Amino acid sequence: MSETGDSGGFAPIQALGRLAPYHWSAGLVMRGLAELRIADQLAGGPRTAVQVAAAIGAHAPSLHRFLRVCVLHDLVTAEEGGRFALTDRGALLRSDVPSLRGFTIAVNAPGMTRPWEQIADVVRTGRPASEQVLGTSHWDHYAKHPAEARAYVETSATLSAEAADALVRTIDCTGVRRVVDVGGSPGTVLAAVLDAAPQAHGVLLDLDWAVPYAEAELARRGLAGRTETVGGDFRVAVPPGGDLYLLKNILCDLDDDTAATVLSVCAAAAPAGGRLVVVDWEDTGDTSHVHANDVEFMVLTGGRVRTGDEYEELLRAAGFEQVRRTRLSGFDRAPIVVLEGRRGTHD
C-alpha cells in the first residue's frame, strides 16, 4: 500500500494506519484492566460501564472511555445497550481462575517499562538502563516496591508451573538427596522436583525480599518440613553440599562475566560428581519471541539469551564435565534448552 496523497507526496494520516502507533499503549491498557479486575466483573456476562464502575469503585464515564479502548485491543466487545462483553483474550486477565493477570501487571509496571525509555541509549552504549532510570538495580527495585514484587512472583509461579512439571519428566531425580535451587523463588520448580524425589531435601536461595514468597509456596505445597530457605546473593555464595543444583532462567538475566561467576560459585559449592541442571531461553537462530526477551534482558539487567553452544562453554569453563544438552519434555520446538553437567574432581 502506498502512503501518498492525491498530489503524490507523503500522506501521514494514511501512513498511520500501517504504523498503528496506538499499539504502544496495548500493554498499559491490559495492565489497567487487570489491576481493576474488570475481567472478573464481565466473566458472568455483558455489563454496562455504570454497572462495572459501581462494582469496582470507579468513575463511570472514565471507565466507559477506557472500555472503548479495550475494544480496540480485543479485550472486550461493545454490545447493544451500552454493554461490554469479555473476549477470550480479555479472559486471560481474570484473577479468579488461573491466568496471565500477574504477568500482564508485572511486565507493564514501572520497573520493567521505564528502563525501555532509554532503549536508544542502551543500544548506543551496551549498558542496561535500570540503575540510570530507577536509581537501583532491576532486582533491588522490587525490594522497594512490594506491589510490583507480588505481581512478578505471581508471574514466575504461573509460568514456572508448566515448565517445572516438564522438567521432572526430562531429568532423572532417582537417588537425589539434597536439591539446591539457586534463585528459585517462588519455589514452584523446587516443589516439583521434591514431589518427584520424595527422599530428597530442598534448599532454596534467593534475595531477601523474594524468600517469604518461596516459604509461603513451599508451605502451601506441604513441603515446609523438607525445605529450608536462605536469603543471599548467588554471585557470592550458594548453599554447599547439593547433589543437584538448579538454575532456571537465571543465566539469561546475567552478562557473560556474572554468569561465569555464578557457575563457578555453584561448582565450588558442589561436591565432586554433583549435578547442575540449567533451564534457560535459547537462541536457536530462528526468529521468535525469544528475541524480544533478549532485548528485555539487555535493557533491564545486561543479560542475554545464548546459543546452546555458548551455554555449554560457560558450564565447562566453570568446571562442569559430561555436559549434555536436551530439550524440555513436551517443548521440543520451543526456544528452551536444558543442560546437565557434573562437577569435576576438586583440585
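The structure presented is a predicted model; accordingly, all values stated were derived computationally and were not measured.
- Under the 4.5 Å side-chain criterion, counting only non-hydrogen atoms from C-beta, L167 is in contact with V189.
- A pairwise comparison of heavy atoms in T48 and R83 identifies CG2-CG, 3.7 Å as the closest pair.
- Heavy atoms from other residues, nucleotides or ligands lying under 6.0 Å from CZ of F103 number 12 at most.
- Minimum heavy-atom separation, G90 to A39: O-CB, 3.6 Å.
- Between the side chains of R37 and S95, a donor-acceptor pair is found at a separation under 3.5 Å.
- Note on ring orientation: taking the six-membered ring where Trp is involved, the planes of H64 and F84 are perpendicular (angle over 60°, cut-offs 30° and 60°).
- In the model, T77 has a side-chain atom that pairs as donor or acceptor with a side-chain atom of E79 under 3.5 Å.
- E340 and R275 are joined by a salt bridge, as a carboxylate oxygen and a charged side-chain nitrogen come within less than 4.0 angstrom of each other.
- When the shell of 6.0 Å around CD of E162 is examined, it contains 12 or fewer heavy atoms from other residues, nucleotides or ligands.
- A side chain to side chain contact (heavy atoms under 4.5 Å, CB included) with L251 holds for exactly one of L254, D255, N249; it is L254.
- Between the side chain of R327 and the backbone N or O of T170, no donor-acceptor pair lies under 3.5 Å.
- Considering all non-hydrogen atoms of both residues, A109 and E148 come closest at CB-OE1, 3.6 Å.
- Counting only N and O atoms by type, the side chains of N108 and T113 include no donor and acceptor under 3.5 Å apart.
- Within a 6.0 Å radius of CG in D88, no more than 12 heavy atoms belonging to other residues, nucleotides or ligands are found.
- Residues H291 and W281 keep their aromatic ring centres 6.0 Å or farther apart.
- Hydrophobic clustering, with ILVMFWY side chains joined whenever heavy atoms are under 4.5 angstrom apart, groups L194 together with V279.
- Summarising the geometry of R94 relative to R101, their closest heavy-atom pair is O-CB, 3.7 Å, with the distance given to 0.1 Å.
- Side-chain contact check for Q41 and R47: at least one donor-acceptor pair (N or O, by modelled atom type) lies under 3.5 Å.
- Using a 4.5 Å cut-off on side-chain heavy atoms (C-beta onward), V278 and L315 make contact.
- Closest heavy-atom contact between A192 and V168: O-CG1, 3.5 Å.
- Checking side-chain atoms of W209 against main-chain N and O of W139 turns up a donor-acceptor pair under 3.5 Å.
- Rounded to the nearest 0.5 Å, atoms CG (L92) and CG (L75) are 9.5 Å apart.
- In this structure, the separation between OG on S130 and CH2 on W116 is 11.5 Å, given to the nearest 0.5 Å.
- In this structure, E215 does not pair ionically with R220, as no charged nitrogen and carboxylate oxygen lie closer than 4.0 Å.
- Here the options are D283, D256, D280, the test is side chain to side chain donor-acceptor pair (under 3.5 Å), and the partner is R306; only D256 passes.
- A donor atom on one side chain and an acceptor atom on the other are not found under 3.5 Å apart for S137 and E131.
- L190 and V176 fall within a single hydrophobic cluster, where Ile, Leu, Val, Met, Phe, Trp and Tyr side chains are chained together by heavy-atom contacts under 4.5 Å.
- With a 4.5 Å cut-off on side-chain heavy atoms, L276 and L247 count as touching.
- Note that the CZ atom of R68 and the CG atom of L63 stand 12.5 Å from one another [nearest 0.5 Å].
- Counting heavy-atom neighbours within 6.0 Å of E313 CD, excluding the residue itself, gives a total of 12 or less.
- To the nearest 0.5 Å, atoms CG (D253) and CZ (R304) are separated by 13.5 Å.
- Looking at heavy atoms from C-beta onward, C70 lies in side-chain contact with V76 at the 4.5 angstrom threshold.
- Linking ILVMFWY side-chain heavy atoms closer than 4.5 Å, directly or via other members, places V299 and V123 in a single hydrophobic cluster.
- Side-chain atoms of R324 and L339, non-hydrogen and from C-beta on, never get closer than 4.5 Å to each other.
- For the pair V238/Y245, a side-chain contact is recorded, criterion being any heavy-atom separation below 4.5 Å from C-beta on.
- Cluster membership for V69 and I38, using ILVMFWY side-chain heavy atoms within less than 4.5 angstrom, is shared.
- Between F66 and V29, some side-chain heavy-atom pair lies under the 4.5 Å cut-off.
- The residues R127 and D121 are annotated as not salt-bridged, no charged nitrogen and carboxylate oxygen being separated by less than 4.0 angstrom.
- A donor-acceptor distance shorter than 3.5 angstrom exists from the side chain of S156 to the backbone of Y152, with no hydrogens or angles considered.
- Side-chain heavy atoms closer than 4.5 Å link hydrophobic residues (I, L, V, M, F, W, Y) into clusters, and following such links, even through other members, never connects V203 to V193.
- Distance check, rounded to the nearest 0.5 Å: CD of E35 to CG of L93 gives 11.0 Å.
- A donor-acceptor pair is defined here as one N or O able to donate and one able to accept, closer than 3.5 Å; such a pair exists between the side chain of E310 and the backbone of T307.
- I13 CD1: 12 or fewer foreign heavy atoms inside a 6.0 Å radius.
- Of the inter-residue distances, the one linking L314 atom CG with Y311 atom OH reads 8.5 Å to the nearest 0.5 angstrom.
- By the 4.0 Å N-to-carboxylate-O rule, R316 lies close enough to E312 to be salt-bridged with it.
- With T155 contributing its side chain and G102 its backbone, the two residues share a donor-acceptor pair below 3.5 Å.
- Checked by atom type, the side-chain pair T174/D172 shows a donor-acceptor distance below 3.5 Å.
- The shortest distance between side-chain heavy atoms of P239 and R178 falls below 4.5 Å.
- Side-chain N or O atoms of R342 include one that pairs as donor or acceptor with a backbone N or O of G273 at under 3.5 Å.
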